Amino acid sequence: MSATLSDELRNKFNVRSMPIRKDDEVQVFRGIHNNRDGKILQVYRKKYVVHIDHVSREKNNGASVMLGIAPSNVIITKLHLDPDRKRLLGRKNRAAMAKGEKLTAKDVEETAATELD
């Protein structure tokens, strides 16, 4: 399940979308819960929804229930970067792919080093 990146992340990494994961910070931009920000608490692959912090509703008995939001209705505003995701960003870099270059291990390490700064 993938979601689009925000404009600033898109410009920074030259990548349009990324697979969504647990600790990413997102903003809902469609539906009833429009303009709500939060952190991904759970990615529910079976139902193809994500559960976001601060997006819930109250049941009749007072219990709070997390609402599922489709990943196509959110924008990733902050990525949780780990080594696997850094390598994925290196592979998906659109600027290098447009030139027809193949990324080497050194290029991926340089990209990862700049991301940490």
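These figures come from a predicted structure and were not determined experimentally.
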Is K78 salt-bridged to D37, going by a charged N under 4.0 Å from an acidic O? no
Taking the side chain as every heavy atom from C-beta outward, state whether I52 and V74 have any pair of such atoms under 4.5 Å apart. yes
Quick one: salt bridge (charged side-chain N to carboxylate O under 4.0 Å, His left out) partners of R36, sequence neighbours excluded? none
Less than 4.5 Å apart, any side-chain heavy atom of V15 and any of L5? yes
Answer yes or no: does atom CD of E8 have more than 12 heavy-atom neighbours from other residues, nucleotides or ligands under 6.0 Å? no
Taking every non-hydrogen atom, the tightest pair across P71 and S2: CB-O, 3.7 Å
Does some side-chain heavy atom of R10 sit less than 4.5 Å from a side-chain heavy atom of T4? yes
Any heavy-atom pair between the side chains of L41 and K22 that's under 4.5 Å? no
dist L89:CG -> L9:CG (nearest 0.5 Å) comes out at 9.0 Å
In I75, V55, I20, the residue satisfying side chain to side chain contact (heavy atoms under 4.5 Å, CB included) with V26 is I20
How long is the straight-line distance from CG of N73 back to CZ of F29, given to the nearest 0.5 Å? 6.0 Å
For the pair K92 (side chain) and S17 (backbone), establish whether a donor and an acceptor sit closer than 3.5 Å, ignoring hydrogens and angles. yes
Check whether more than 12 heavy atoms from other residues, nucleotides or ligands sit under 6.0 Å from atom CG of N61, and answer yes or no. yes
Would you say R57 and L67 make side-chain contact, with heavy atoms under 4.5 Å? yes
From CD (Q27) to CD1 (I76), nearest 0.5 Å: 12.5 Å
Side-chain touch R21/I40, heavy atoms, less than 4.5 angstrom: no
Pairing donors with acceptors under 3.5 angstrom, does anything connect the side chains of R85 and H80? no
State, to 0.1 Å, how close H51 and M66 come at their nearest heavy-atom pair, and which atoms those are. CG-CB, 4.0 Å
L88 and L81: same hydrophobic cluster, using ILVMFWY side-chain contacts below 4.5 Å? yes
Report the C-alpha separation of V50 and Q42 in whole Å, then their side-chain angles, then the decisive distance to 0.1 Å, and conclude whether the side chain to side chain contact (heavy atoms under 4.5 Å, CB included) test is met. CA-CA 6 Å; V50 294; Q42 181 182 17; over 6 Å; no
Distance from D23 atom CG to K39 atom NZ, nearest 0.5 Å? 5.0 Å
Under 4.5 Å between side-chain heavy atoms, counting indirect links through other Ile/Leu/Val/Met/Phe/Trp/Tyr residues: same cluster for Y44 and I69 or not? no
CG (N14) and CZ (R16) are apart, to the nearest 0.5 Å, by 13.0 Å
Contacts of D84 that satisfy salt bridge (charged side-chain N to carboxylate O under 4.0 Å, His left out) - sequence neighbours left out: R87
